[in-house]
Amino acid sequence: MKAYRKKLIGILMAMMFCFSPVSVLAAELPVTISSGLNMKAEEVECTFEEARIVYGEAAPGTKVVFTVSKMNRFGNMVELHKDTVTVGSMGLFSVTLPLERGNNYIGMTAGGKTEQVIVKRVSQTVKTQLQRMIALPGLNVR
């Protein structure tokens, strides 16, 4: 009977650790971005704008550090802009991040954890050309 009880306790303990919703390895940023950046994006986001306004939420007093970097021609990351935001008493914050043409590597650090997203700024001439194009449905369809 003791062996059966030990097995049952072992199985229950294993189930608690395996199916627990909290995992030590799944450490996420203590910040929620409500608009301006998609930190979970797997693709590069494109924009024509010179700056990006980011809005988010976190616990009051949290320090959030944003960096905007670009890769130089030698493949080294060069930090272009750094901004530290302290979340106010309502738990909300906003920051305006300048964007250079090409890929902008935007890093967000809070609570010792960092996430990064890439935003590509495209030339305004591309926007103008796209606005002049006429899309006809069914054209060149085989």
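Along the sequence shown, residues are numbered consecutively beginning with 1. Quick caveat: nothing in here was measured; it's all calculated off a predicted structure.
Closest of all the heavy-atom pairs between Pro30 and Ala110 is CD-O, 3.5 Å.
Listed by first then second residue, pairs satisfying salt bridge (Lys or Arg N to Asp or Glu O under 4.0 Å) with a partner in residues 29-42 read Lys40-Glu115, not counting sequence neighbours.
Partners of Thr114 by side-chain hydrogen bond (donor to acceptor under 3.5 Å, both in side chains), not counting sequence neighbours, listed by chain and number: Thr109. Checked against salt bridge (charged side-chain N to carboxylate O under 4.0 Å, His left out), Glu45 has the following partners two or more places apart in sequence or in another chain: Arg52.
Taken from CE in Met108 to CD1 in Ile33, the straight-line distance is 4.0 Å, to the nearest 0.5 Å.
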Pairs under 3.5 angstrom only: tabulate donor-acceptor contacts from the side chains of residues 72-81 to other protein residues two or more places apart or in another chain.
from: Asn72; atom 1: OD1; to: Phe74; atom 2: N; distance (Å): 3.0
from: Asn72; atom 1: OD1; to: Gly75; atom 2: N; distance (Å): 3.1
from: Asn72; atom 1: OD1; to: Asn76; atom 2: N; distance (Å): 2.9

In a table with atom names and distances, give each donor-acceptor pair under 3.5 Å that connects a side chain of residues 60-68 to protein atoms at least two apart or in another chain.
from: Thr62; atom 1: OG1; to: Ala59; atom 2: O; distance (Å): 2.7
from: Lys63; atom 1: NZ; to: Thr86; atom 2: OG1; distance (Å): 3.3

Just list the side-chain donor-acceptor pairs under 3.5 Å for residues 94-106, sequence neighbours left out, or say none.
from: Asn104; atom 1: OD1; to: Glu100; atom 2: N; distance (Å): 3.0
from: Asn104; atom 1: ND2; to: Glu100; atom 2: O; distance (Å): 2.7
from: Asn104; atom 1: ND2; to: Gly102; atom 2: O; distance (Å): 3.1
from: Asn104; atom 1: ND2; to: Val119; atom 2: O; distance (Å): 3.3

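For the pair Met39/Val31, no side-chain contact is recorded, criterion being any heavy-atom separation below 4.5 Å from C-beta on.
Grouping Ile, Leu, Val, Met, Phe, Trp and Tyr by side-chain contacts under 4.5 Å, direct or through others, puts Ile53 with Tyr55.
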